[in-house]
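Take a look at the structure below.
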Amino acid sequence: MIKQIGLFGFGCVAQGFYEGLLQNPQFGVSIKKICVKSDSKKRNAPQALFTTSDLDILEDPEIDVIIELIDDAAAALHIARYSLKNNIPVISANKKMIAENLAELVVLQQQYETPMLYEGAVAGSIPILQNLAQFFSHQKISLVRGILNGSTNYMLTKMKNQHISFAQALKEAQGLGFAETDPTLDVKGLDATYKSIILAFHAFGEIVSVNDVEIVGIDKLTSALLLQGRRTGKKIKLITEISKSTGILKITVKPELIGEQDSLYAIDYEYNAIEVSGNLSGTQTYVGKGAGSLPTGSAILNDLYLLLNNFQYSHQKQSALKKTA
Ligand code: HSE
């Protein structure tokens, strides 16, 4: 029975989750401790909840779920490993940590029979991992395509609609809490790459290394592409494509010019969209806010709801991996 949360981090996403949890007392779950780097900041939660010692969470036997929402991938991995090895279900949104350690995290979940959920790591509020784990678990997927980064989509929309500069658009995306602490991860396409690796794992059951993804960020936008966009009325979007043909899985993340007939054309500002093509359902498109405090917090809240209802990723499509891990 999950009753008490140990929360790591109290940034933008954690605050959104906190707000969502306060709106849902029927969950019957409360936060016991929040571990932060500095306890001198004024925060929008009771001071008594905060600690700067991770042991106040990790060594508290009353904490029965750990939610880590910190930036530092190495520290996040340490927390995830510790939680799973101690049979404490864990929720994370650290895309870099998850994308780079998928195989180990699956093995730990199986070995310790303890679930780990991470919907908040991919496309903010869109429940795509849950859909891949349930609706698409018994279908063959041929293509996953979409816009997976809210900051750059916001920037591209503002640059097109209001003719503001790249630097100004980035400043706005940072001010709205969309961008990563290190915004080069957004503009260089790495953030979308980590998300695409996680998606590829859940959709196709395969692990792709960052080095095998063809990545072009929006920092590499050429004036020729911008001009062509203006002339043709097309929009530039940072498009992720994960496809499998003749047995080879391929991921690309790059800015592309798309026209009105493309289902991603209307996806503006911090919205994300993901098209999934399954052999039975055909293509479905999921749209929602891909960044921001409450939207991403809602994904964390839903992970908690899923844990309360004994949901876990089945890893059915990763059966080949299990045998070799
Ligand atoms: N920096 C990320 C984005 C946050 O802009 O999409 C949500 O993952």
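The figures here come from the full heavy-atom set of this structure, side chains too, leaving out hydrogens, waters and symmetry mates. Indexing begins at 1, ligand by ligand and atom by atom, following the structure's order.
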Shortest reach to atom 1 (N) of ligand 1 by a heavy atom, considering only Gln174, Glu180, Glu270: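 The option holding the nearest heavy atom is Glu180.
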
Option set Ala123, Pro295, Gly290, Ala299, criterion heavy-atom distance to atom 7 (C) of ligand 1, minimum: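 Heavy atom nearest to atom 7 (C) of ligand 1 belongs to Gly290.
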
Top protein contact for atom 5 (O) of ligand 1, by heavy-atom distance: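 Ranked first by proximity to atom 5 (O) of ligand 1 is Ser151 OG, 2.6 Å.
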
Contact with ligand 1 for Asn149, non-hydrogen, under 4.0 angstrom: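 Yes, Asn149 has a heavy atom closer than 4.0 Å to ligand 1.
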
Face-on cation placement of Lys244 at Phe204 ring, 6.0 Å and 45° thresholds: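 Ring-cation test returns no.
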
[X]: numbered ligand 1 atoms lying under 4.0 Å from its heavy atoms:
{"X": "Gly150", "result": "3 (C), 5 (O), 6 (O)"}
{"X": "Lys195", "result": "2 (C), 3 (C), 6 (O), 7 (C), 8 (O)"}
{"X": "Lys95", "result": "2 (C), 4 (C), 7 (C), 8 (O)"}
{"X": "Asp186", "result": "1 (N), 2 (C), 3 (C), 5 (O)"}
{"X": "Phe178", "result": "1 (N), 2 (C), 3 (C), 4 (C), 5 (O)"}

Interatomic distance, Glu119 atom CD to Leu301 atom CG [nearest 0.5 angstrom]: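 Here the rounded value is 12.5 Å.
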
Near-ring test [Y]/[X], centroid separation under 6.0 angstrom:
{"X": "Tyr305", "Y": "Phe311", "result": "no"}
{"X": "Phe8", "Y": "His78", "result": "no"}
{"X": "Tyr154", "Y": "Tyr271", "result": "no"}

Parallel, tilted or perpendicular, as decided by the 30° and 60° cut-offs, for the rings of His202 and His315: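 Aromatic pair His315/His202 classed tilted.
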
Evaluation steps, salt bridge (Lys or Arg N to Asp or Glu O under 4.0 Å), between Asp219 and Lys188: CA-CA 6 Å; Asp219 59 327; Lys188 287 185 179 297; 3.0 Å; yes

Linked, directly or transitively: Ile128 and Ile147 (ILVMFWY side chains, under 4.5 Å):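 No.
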
Region of Asp191 engaging ligand 1 - heavy atom pairs below 4.0 Å: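 For Asp191, the contact with ligand 1 is made by the side chain alone.
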
Polar contact flag for Thr296 and ligand 1 (N/O pairs, less than 3.5 Å):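 Among all N and O atoms of Thr296, none is under 3.5 Å from an N or O of ligand 1.
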
